[in-house]
Amino acid sequence: MATLIATAKATNANSYATLTESNSYMETVRPSDEVTWLKESEPTRERLLMLATRIIDNHFIFIGSKTTSDQVLQWPRTAVPVDGLFARLVRTVDSETVPQFVKDATSQLALELVSKDVLSSADGEGLESVSVGDINVNFDKEDRNSTGAIPNSVYSILRKYGYYKPSLNSTNTSINQVKVVR
């Protein structure tokens, strides 16, 4: 079993948040969410934090640059304005540590992962019905929104600090919302 390593700039880091930091974050969310989180075993919560970190790193292109070329994770970073993309003053995030907002986003995504696999599509997603005789396929218009791997609760924390890439197959780095209607 992998060991959770949340050391900033480490070449073997695999999480932005420690279990203790995530447990503290859970004290600030809805009580039912905290209960859901704490029902999971410690090894499971650690694995969820590692997965959440990987998902964030794979789906965001952050502003600034890695502090060192050999760090495995995207954070900490240099030249990141405190106010993110919309900064007017050039005060930057500490480049020696992982910012609290990244730890919070990781914890929030790990919580989401307890009950929802954000990486998979539901069976039959987008289909309302399928017929065989005279072949007839109907798409469920309400089920065609692609939310991507990052839930809104996590996106709202990170949106000022990078560009969301909903699909790993996409070269698009801008933030767009599209509803496909068929």
Side-chain angles (χ1 to χ4, degrees), residues 1-87 89 91-120 147-166 168 175:
M1 177 181 290
T3 302
L4 186 138
I5 301 166
T7 305
K9 299 193 280 185
T11 59
N12 61 345
N14 57 14
S15 179
Y16 286 126
T18 65
L19 189 55
T20 301
E21 290 167 331
S22 289
N23 290 344
S24 293
Y25 171 80
M26 296 307 163
E27 292 174 359
T28 70
V29 297
R30 295 179 297 205
S32 60
D33 288 341
E34 181 183 19
V35 168
T36 298
W37 177 250
L38 294 174
K39 280 183 182 176
E40 299 297 319
S41 68
E42 284 190 13
T44 297
R45 285 183 277 158
E46 287 180 345
R47 282 197 314 270
L48 291 171
L49 288 168
M50 289 183 267
L51 178 58
T53 298
R54 190 175 321 126
I55 292 170
I56 288 170
D57 271 7
N58 287 337
H59 288 276
F60 266 89
I61 298 169
F62 291 106
I63 57 177
S65 57
K66 288 182 179 185
T67 304
T68 64
S69 61
D70 59 342
Q71 73 187 52
V72 69
L73 299 178
Q74 293 295 318
W75 290 91
R77 298 181 74 75
T78 60
V80 177
V82 170
D83 293 325
L85 295 166
F86 312 106
L89 300 174
R91 217 176 72 222
T92 59
V93 172
D94 179 11
S95 63
E96 297 300 311
T97 61
V98 174
Q100 189 61 49
F101 66 84
V102 175
K103 293 177 183 188
D104 291 350
T106 304
S107 300
Q108 182 64 40
L109 182 52
L111 172 62
E112 300 270 349
L113 291 169
V114 168
S115 58
K116 181 179 172 185
D117 182 359
V118 300
L119 298 177
S120 69
T147 57
I150 304 290
N152 288 336
S153 59
V154 177
Y155 170 73
S156 66
I157 298 170
L158 297 175
R159 68 187 172 92
K160 294 189 323 183
Y161 301 97
Y163 300 96
Y164 177 41
K165 189 174 178 181
L168 295 180
I175 301 168

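- With sequence neighbours left out, V72 forms a side chain to side chain contact (heavy atoms under 4.5 Å, CB included) with A13.
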Determine whether T28 and D104 satisfy the following criterion, side chain to side chain contact (heavy atoms under 4.5 Å, CB included), listing intermediate values before the conclusion. CA-CA 10 Å; T28 70; D104 291 350; over 6 Å; no
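- To the nearest 0.5 angstrom, I5 atom CD1 is 10.5 Å from E46 atom CD.
- Looking at every heavy atom in both residues, T18 comes nearest to L4 through CA-CD2, 4.0 Å.
- Two rings, from F101 and W75, have their centers less than 6.0 Å apart.
- Not one N or O on the side chain of Y155 forms a donor-acceptor pair closer than 3.5 Å with the backbone of Y164.
- Remark: R30 CZ to L111 CG distance equals 8.0 Å, nearest 0.5 Å.
- Side-chain contact between P151 and Q108: absent, with no pair of heavy atoms (C-beta onward) separated by less than 4.5 Å.
- Counting only distance, with no hydrogens or angles, the side chain of T78 and the backbone of S95 share no donor-acceptor pair below 3.5 Å.
- Between the OG atom in S153 and the CG atom in L109 there is a gap of 7.5 Å [rounded to 0.5 Å].
- Here the shortest heavy-atom pairing between L49 and S15 reads CB-OG, 3.7 Å.
- Evaluation of the side chain to side chain contact (heavy atoms under 4.5 Å, CB included) rule for Q74 yields Y16, D57, F62, K66, R77 as partners, not counting sequence neighbours.
- Here the closest heavy-atom approach between residue A52 and residue A110 is recorded as CB-N, 3.7 Å.
- Expressed to the nearest 0.5 Å, how far CD1 of I157 lies from CD of Q100 amounts to 10.0 Å.
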Take M26 and L38 through the side chain to side chain contact (heavy atoms under 4.5 Å, CB included) test and state the conclusion after the steps. CA-CA 9 Å; M26 296 307 163; L38 294 174; 5.8 Å; no
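- By the 4.5 Å heavy-atom criterion applied to side chains, R54 and N14 are not counted as neighbours.
- Under the 4.5 Å side-chain criterion, counting only non-hydrogen atoms from C-beta, P99 is not in contact with Y161.
- Atom OG1 of T44 and atom CG of L51 lie 12.0 Å apart (nearest 0.5 Å).
- Of all non-hydrogen atoms in V102 and T106, the two that sit nearest each other are O-OG1, 2.8 Å.
- No close placement of the Y163 and F60 rings is indicated, their centers lying 6.0 Å or farther apart.
- Here E112 contributes atom CD and L48 contributes atom CG; the two are 11.5 Å apart, rounded to the nearest 0.5 Å.
- The main-chain N or O of E40 is found under 3.5 Å from a side-chain atom of R45 such that the two form a donor-acceptor pair.
- I63 and V80 get closest at one heavy-atom pair: O-CG2, 3.4 Å.
- In this structure, L158 and I56 approach most closely via the heavy-atom pair CD1-CG2, 3.9 Å.
- Sorted by first and then second residue, the salt bridge (charged side-chain N to carboxylate O under 4.0 Å, His left out) pairs with a member in residues 10-27 read E21-K103; sequence neighbours excluded.
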